[in-house]
Amino acid sequence: MRNVVWLISGYAAVSLLTLVAMIVFRHDATMVTTEVWVRGVIVAAGSLLTLLFAVRAARGDRRMLLRLRVVTAVMLVAIVVIIALPGIFPLWFKLEQGVCGLLLLAVVVQINRRSVVRPSVR
């Protein structure tokens, strides 16, 4: 689970850096559209929440592991849709979402392997 926490930390870092870039380039309407603002803020907030889930899951909280599985899968699907939509998001944002998607794909693969779930000790 340590790798999962690191991957999600990377996802959160990329998301927060994107938020900073959006603020820096806020006056360029072609780079930072309304859609970029909405999606960027949601992703940044969601990445921090996902990091909380990962940390708690790494400490053994099974409910957080389940939440982490659901959230990462949903976010990965949302990223694929965003990248596939023509013309709504600028290329730089789609590339950033692609990086986030690769990080989340690695998380989804790791947390859905059988070895992650530990049998309960009686």
Side-chain angles (χ1 to χ4, degrees):
M1 280 298 289
R2 187 178 320 161
N3 286 342
V4 169
V5 173
W6 277 107
L7 287 166
I8 293 177
S9 295
Y11 164 59
V14 169
S15 299
L16 293 173
L17 287 173
T18 299
L19 194 57
V20 170
M22 290 165 39
I23 292 167
V24 169
F25 295 107
R26 68 186 174 274
H27 299 296
D28 186 344
T30 60
M31 280 188 65
V32 184
T33 63
T34 302
E35 293 82 9
V36 169
W37 274 113
V38 171
R39 175 71 184 161
V41 170
I42 290 170
V43 169
S47 70
L48 296 175
L49 190 59
T50 306
L51 182 57
L52 173 70
F53 294 164
V55 168
R56 291 190 55 193
R59 292 181 184 158
D61 189 331
R62 287 183 170 273
R63 290 185 323 164
M64 288 299 139
L65 179 60
L66 177 60
R67 287 180 184 156
L68 185 62
R69 285 178 169 156
V70 171
V71 167
T72 54
V74 168
M75 291 299 285
L76 185 57
V77 169
I79 287 170
V80 168
V81 169
I82 285 185
I83 292 172
L85 288 174
I88 294 177
F89 295 96
L91 180 61
W92 76 269
F93 192 75
K94 287 184 176 191
L95 292 172
E96 178 271 343
Q97 288 290 282
V99 170
C100 288
L102 290 174
L103 292 167
L104 287 178
L105 177 61
V107 169
V108 167
V109 167
Q110 287 188 23
I111 63 176
N112 287 294
R113 291 185 307 188
R114 216 179 260 281
S115 63
V116 170
V117 180
R118 296 179 193 99
S120 59
V121 178
R122 292 183 187 209

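Nothing here was measured: the structure is a model prediction, and the numbers come from that model.
- Contact detail for Tyr11 and Val43: the closest heavy-atom pair is OH-CG1, 3.9 Å.
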Result block: side-chain N/O donor-acceptor pairs under 3.5 angstrom for residues 80-101, not counting sequence neighbours:
| residue | atom | partner | partner atom | Å |
| --- | --- | --- | --- | --- |
| Trp92 | NE1 | Met31 | O | 2.8 |
| Lys94 | NZ | Ile83 | O | 3.3 |
| Lys94 | NZ | Leu85 | O | 2.4 |
| Glu96 | OE2 | Thr18 | OG1 | 3.1 |
| Gln97 | OE1 | Arg39 | NE | 3.1 |
| Gln97 | OE1 | Arg39 | NH2 | 3.0 |

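- Residues Val36 and Val24 are members of one and the same hydrophobic cluster, defined by side-chain heavy-atom contacts under 4.5 angstrom among Ile, Leu, Val, Met, Phe, Trp and Tyr.
- With rounding to the nearest 0.5 Å, the separation of CD1 in Ile111 from CG in Leu7 is 10.5 Å.
- Thr30 is linked by a side-chain hydrogen bond (donor to acceptor under 3.5 Å, both in side chains) to Asp28, counting only residues two or more places apart in sequence or in another chain.
- Not counting sequence neighbours, the partners of Thr33 by the side-chain hydrogen bond (donor to acceptor under 3.5 Å, both in side chains) test are Glu35.
- Both Val32 and Val20 belong to a common hydrophobic cluster when Ile, Leu, Val, Met, Phe, Trp and Tyr are linked at side-chain heavy-atom distances under 4.5 angstrom.
- Think of Ile42 as one node in a network of Ile, Leu, Val, Met, Phe, Trp and Tyr side chains linked at under 4.5 Å; its network also takes in Val38.
- Contact detail for Leu103 and Gly10: the closest heavy-atom pair is CD1-C, 3.7 Å.
- Placement of Ile8 and Leu16 in two distinct hydrophobic clusters is found when ILVMFWY residues are connected by side-chain heavy-atom separations under 4.5 Å, directly or transitively.
- Under a hydrophobic-cluster definition in which Ile, Leu, Val, Met, Phe, Trp and Tyr are linked whenever side-chain heavy atoms come within less than 4.5 Å, directly or via other members, Met22 and Val14 are assigned to different clusters.
- Contact detail for Met1 and Ala54: the closest heavy-atom pair is CE-O, 4.1 Å.
- Linking ILVMFWY residues whenever their side-chain heavy atoms come closer than 4.5 Å, directly or via other members, places Val71 and Leu49 in the same cluster.
- Residue pairs meeting the side chain to side chain donor-acceptor pair (under 3.5 Å) criterion with at least one partner in residues 40-58, sequence neighbours excluded, are Arg56-Asp61.
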What pairs of donor and acceptor atoms, side-chain ones from residues 72-79 against any protein atom, are under 3.5 angstrom apart with sequence neighbours left out?
| residue | atom | partner | partner atom | Å |
| --- | --- | --- | --- | --- |
| Thr72 | OG1 | Leu68 | O | 2.7 |
| Thr72 | OG1 | Arg69 | O | 3.3 |

